[in-house]
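This report concerns only the one structure given below.
The analysis underlying the following values was restricted to heavy atoms, covering all of them including side chains, and did not include hydrogens, waters or symmetry mates. Below, read A as the first sequence line, B as the second, and so on, with proteins coming before strands; counting in each chain starts at 1.
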Protein chains: 2
Amino acid sequence: MSPRIGLDRAALLQAATEMADAHGLESVTLASLAQRLKIRSPSLYNHVNGLPDLRRELALSGLVKMAESFESVLAETSGDEALRAMSRAYLSFARQHPGLYEAVQRAPDPEDRVLRDAGGRVVGLIVRTIQTYGLQGDTAIHAVRGIRSLLHGFVTIERQGGFGMPLDLDITFRLLVETFIAGIKTLREQAEAER
Amino acid sequence: MSPRIGLDRAALLQAATEMADAHGLESVTLASLAQRLKIRSPSLYNHVNGLPDLRRELALSGLVKMAESFESVLAETSGDEALRAMSRAYLSFARQHPGLYEAVQRAPDPEDRVLRDAGGRVVGLIVRTIQTYGLQGDTAIHAVRGIRSLLHGFVTIERQGGFGMPLDLDITFRLLVETFIAGIKTLREQAEAER
DNA sequence: TGCTTAAACTAATGATATTAGTTATATTAA
DNA sequence: TTAATATAACTAATATCATTAGTTTAAGCA
């Protein structure tokens with residue numbers, strides 16, 4: 001009936017993304033993806049180099065989307081507001097694309113240059129945001145690690161439903177970011193006092 | 001040759017734990033576990049109710065170990081030092097038992113009462129530690145969520161090798177915890193000022 | 001109109017989890 | 001000491017995956 005359905009890598013990625021975001025990364029197998037696309041699973045190999053490659057593609061797509069989102073909000077803000085906006089964007093991304101976020105985390109191969117660069121782009125934007133606070137060398141690195149820990153931890157626990165209490169999570173998030181901002185400023189003052 | 005090898009649920013769990021901690025939770029399959037124990041994989045069903053049950057058992061064991069560790073350090077400390085000690089214990093556990101930590105995260109079934117209680121015990125210890133700061137109602141909940149986010153985030157990113165820079169991670173961790181402690185105190189003062 | 005390319009296909013293999021039913025040993029009771 | 005029972009191991013079989021090899025056929029171009 002139909003070789004040439006009009007399927008391409010992009011359509012395939014799109015479907016995989018929707019499945020991952022809706023039902024978790026685990027739920028996207030070559031079998032389930034093929035079924036959804038109404039083709040047989042071996043046909044997927046015409047577009048993607050197996051399941052690991054598909055997951056890598058999802059991770060890459062997630063990183064690119066994150067970077068674009070961060071760049072967009074950072075272009076319009078500065079100072080504390082930039083860090084707040086970036087944090088909100090981080091949270092929004094994780095909520096809108098839990099499957100892609102999951103794919104990004106399972107960063108498997110540290111040798112993969114393209115993937116590492118995409119990750120570097122995202123981290124670079126966080127670094128840039130933190131740098132506006134004028135921290136000295138090592139302190140800046142610690143601060144970047146700190147905000148990353150806090151954002152990732154919150155987002156992950158929230159997604160798995162780990163926060164039991166019925167108390168507004170957005171408030172917790174804002175408070176956490178504000179506390180961190182206050183902490184950064186304290187660190188800066190301490191560093192300046194030591195000089 | 002050998003029905004009655006002397007295998008029991010505990011030995012099985014022990015082996016699975018070692019495999020998970022050494023090579024990741026993914027690496028422990030019924031096939032690989034059976035191979036390691038020198039039995040055929042269907043025989044595992046005499047001790048465990050399939051792979052999901054095995055993973056659940058690992059998660060449970062992880063939660064119990066965490067709770068015991070926290071209880072032990074909290075018995076000997078108080079105030080800021082208690083929060084520091086608990087944080088160190090959290091980090092130590094995640095480093096020593098990455099496989100169990102992973103199992104704990106994949107908390108699958110929210111209906112599982114036993115698992116939830118075990119999780120509640122761990123979170124309860126964190127709550128108790130935070131409560132010594134005398135925060136008011138909601139604020140205490142936010143603070144607990146905050147420290148949990150921060151600890152989990154740090155531990156997770158560290159494990160997956162996400163912190164690129166060659167700068168001592170223990171220092172980052174201490175700094176992060178200290179910053180949070182300072183933040184809690186600020187929150188308390190703000191709350192008191194509002195009253 | 002015929003050729004080439006590639007996107008779909010079928011068939012087959014190997015790994016996994018799981019179920020059903022069998023065997024044989026360790027423990028317990030007579 | 002011996003017989004009965006319980007159970008930990010086993011083999012055989014099935015279903016679901018991912019993956020490879022080889023085939024078919026439609027789309028696009030000469």
Side-chain angles (χ1 to χ4, degrees), chain A residues 1-61 99 102-103 106-109 112 115, chain B residues 1-61 99 102-103 106-109 112 115:
Chain A
M1 239 94 84
S2 57
R4 299 306 139 79
I5 282 189
L7 197 56
D8 63 353
R9 203 178 176 81
L12 195 144
L13 254 254
Q14 177 63 28
T17 298
E18 287 170 12
M19 292 173 68
D21 286 341
H23 306 109
L25 188 60
E26 301 269 308
S27 80
V28 28
T29 64
L30 292 189
S32 65
L33 179 58
Q35 188 169 27
R36 165 162 174 156
L37 295 171
K38 299 189 205 298
I39 61 176
R40 304 310 176 109
S41 62
S43 306
L44 291 171
Y45 285 78
N46 286 315
H47 304 285
V48 145
N49 203 3
L51 188 58
D53 183 45
L54 175 62
R55 294 203 173 131
R56 173 186 176 278
E57 215 65 42
L58 289 175
L60 205 49
S61 157
E102 209 180 336
R106 303 221 187 154
D109 187 1
D112 188 325
L115 208 55
Chain B
M1 239 103 75
S2 55
R4 299 306 137 77
I5 281 188
L7 197 56
D8 62 351
R9 204 178 176 83
L12 195 144
L13 255 253
Q14 175 64 25
T17 299
E18 287 170 12
M19 290 173 69
D21 286 341
H23 306 109
L25 189 61
E26 300 270 305
S27 80
V28 29
T29 65
L30 292 188
S32 65
L33 179 57
Q35 189 169 26
R36 163 160 175 159
L37 295 171
K38 297 191 207 298
I39 61 176
R40 304 308 176 110
S41 61
S43 306
L44 291 171
Y45 284 78
N46 286 314
H47 304 285
V48 146
N49 204 3
L51 188 58
D53 183 45
L54 175 63
R55 295 207 173 127
R56 174 186 176 278
E57 215 64 43
L58 288 175
L60 204 49
S61 158
E102 210 179 334
R106 302 221 188 156
D109 187 1
D112 188 327
L115 208 55

Practice item. For C:dC9, take OP1 and OP2 only and decide whether either is under 4.0 Å from a side-chain N or O of A:S43. Key: yes
Practice item. Confirm from the modelled atom types if A:N46 and C:dA6 form a donor-acceptor pair under 3.5 Å, side chain to base only. Key: no
Review point. Who pairs with B:E18 by side-chain contact (heavy atoms from CB on, under 4.5 Å), at least two apart in sequence or on another chain?
Key: B:Q14, B:R36
**Study point:** With A:S27 via side-chain contact (heavy atoms from CB on, under 4.5 Å) - residues at least two apart
**Key:** A:H23
Point to revise | Residue A:R40, side-chain heavy atoms: nucleotide from C:dC9, D:dA8, C:dT16 that is nearest | key: C:dC9
Exercise for review: Could you tell me whether the phosphate oxygens of C:dA6, OP1 or OP2, come under 4.0 Å of any side-chain nitrogen or oxygen in A:H47?
Suggested key: no
Check your understanding: Taking atom CG of B:L12 and atom CG of B:D8, what is their separation to the nearest 0.5 Å?
Key -> 8.0 Å
Exercise for review: Could you list the residues that satisfy side-chain contact (heavy atoms from CB on, under 4.5 Å) with A:D53, not counting sequence neighbours?
Suggested key: A:R9, A:V48, A:N49, A:R56, A:E57
**Study point:** Salt bridge flag under 4.0 Å for residues B:R106 and B:E26
**Key:** yes
Study note, to complete from the structure: side-chain contact (heavy atoms from CB on, under 4.5 Å) filter on A:I39, not counting sequence neighbours, yields A:I5, A:L7, A:A34, A:L37, A:S43, A:L44
Exercise for review: Return the residues of residues 8-18 of chain A meeting this criterion: a heavy atom under 4.0 Å from some atom of DNA chain D. Order them by number, or give none.
Suggested key: none
**Study point:** Nucleotide nearest A:L7 (side chain, heavy atoms from C-beta), chosen from C:dA17, D:dA9, C:dA8
**Key:** C:dA8
Nucleotide N/O of nucleotides 18-20 of chain C paired with protein N/O under 3.5 Å:
unit_1: C:dT18; atom_1: OP2; unit_2: B:Y45; atom_2: OH; d: 2.7
unit_1: C:dT18; atom_1: OP2; unit_2: B:L51; atom_2: N; d: 2.7
unit_1: C:dT18; atom_1: O5'; unit_2: B:Y45; atom_2: OH; d: 2.8

